[in-house]
Amino acid sequence: MLTTTKICRTEDLLISTSLPFNQVNHLTKKVNLALNDNVFMRKNWEKFASLSKREREVFNLIATGKSNTEIGELLFVSRETIKRHRKNIYYKLEINSIAGVLRYARAFVL
């Protein structure tokens with residue numbers, strides 16, 4: 001068995017996972033993905049922190065696959081307002097597609 005442990009500081013938890021050696025390759029991919037996300041997060045923290053509270057709300061809804069119209073209805077604003085928020089988010093994060101949104105969402109665990 002291969003056992004890994006992660007400290008979750010925000011929840012004061014210690015999480016341990018044990019896998020048989022035949023699943024180590026899968027674990028290696030997961031660890032590499034987590035490490036890459038961590039590097040991305042550290043590199044882009046200031047960009048993400050520059051989003052306003054409302055932009056973060058919109059960002060989270062975009063990341064869950066909601067359309068501009070759906071987001072507008074949820075937040076009680078027009079579709080045009082959401083389009084403006086989306087444009088500002090893309091500009092601040094230096095992205096140009098939903099793939100970029102999903103990359104940030106995965107790295108920042110939203």
Side-chain angles (χ1 to χ4, degrees):
M1 298 295 278
L2 175 67
T3 303
T4 60
T5 302
K6 180 176 181 175
I7 300 170
C8 185
R9 291 186 181 124
T10 58
E11 301 292 330
D12 290 329
L13 295 174
L14 190 63
I15 302 169
S16 294
T17 306
S18 294
L19 295 171
F21 278 113
N22 63 353
Q23 294 179 1
V24 170
N25 189 35
H26 176 71
L27 177 64
T28 301
K29 290 177 186 177
K30 292 277 191 187
V31 168
N32 283 333
L33 184 61
L35 291 173
N36 289 337
D37 284 347
N38 187 275
V39 169
F40 180 86
M41 184 180 66
R42 288 174 190 248
K43 198 169 150 184
N44 294 287
W45 174 252
E46 287 184 29
K47 290 180 196 175
F48 190 75
S50 74
L51 296 180
S52 69
K53 182 179 177 182
R54 183 59 131 189
E55 287 169 341
R56 284 191 203 137
E57 282 181 279
V58 172
F59 178 90
N60 287 336
L61 293 168
I62 292 169
T64 62
K66 301 272 189 254
S67 70
N68 289 342
T69 303
E70 292 171 318
I71 296 169
E73 289 171 359
L74 288 169
L75 301 179
F76 304 105
V77 297
S78 73
R79 185 172 67 92
E80 295 304 314
T81 299
I82 298 305
K83 285 172 70 174
R84 172 57 71 182
H85 283 307
R86 185 186 289 258
K87 183 177 178 181
N88 291 339
I89 291 165
Y90 280 35
Y91 176 77
K92 287 180 178 181
L93 299 182
E94 298 177 3
I95 57 177
N96 57 16
S97 68
I98 192 68
V101 170
L102 296 176
R103 177 71 173 109
Y104 270 88
R106 187 180 74 218
F108 288 90
V109 192
L110 302 175

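All figures in this text were calculated on a predicted structure; none of them were measured in a lab.
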Is there side-chain contact between [X] and [Y], with at least one heavy-atom pair below 4.5 Å?
| X | Y | result |
| --- | --- | --- |
| Asn36 | Val39 | no |
| Tyr91 | Lys87 | no |
| Leu51 | Ile89 | yes |

Query - salt bridge (charged side-chain N to carboxylate O under 4.0 Å, His left out) partners for Lys83, two or more places apart - result: Glu80

Query - Sequence-distant partners of Arg56, salt bridge (charged side-chain N to carboxylate O under 4.0 Å, His left out), two or more places apart - result: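 Per chain and number, Arg56 pairs via salt bridge (charged side-chain N to carboxylate O under 4.0 Å, His left out) with no residue.
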
**Report entry** Listed partners of Thr81 passing side chain to side chain donor-acceptor pair (under 3.5 Å), at least two apart
**Finding:** Ser78

Requested in this report: With rounding to the nearest 0.5 Å, note down the distance linking CD1 in Ile95 to OH in Tyr104.
Outcome: 7.0 Å

With [X] via side-chain contact (heavy atoms from CB on, under 4.5 Å) - residues at least two apart:
| X | value |
| --- | --- |
| Arg54 | Ser52, Glu57, Leu75, Val77, His85 |
| Asp37 | Leu33, Arg103, Arg106, Ala107 |
| Glu73 | Thr69 |

Query raised in the report: Applying side chain to side chain donor-acceptor pair (under 3.5 Å), which residue pairs with at least one partner in residues 93-102 are found, sequence neighbours left out?
Result: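 Sorted result for residues 93-102: Lys47-Glu94.
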
**Report entry** Contacts of Phe48 that satisfy ring pair (Phe, Tyr, Trp, His ring centres under 6.0 Å) - sequence neighbours left out
**Finding:** Phe59, Phe108

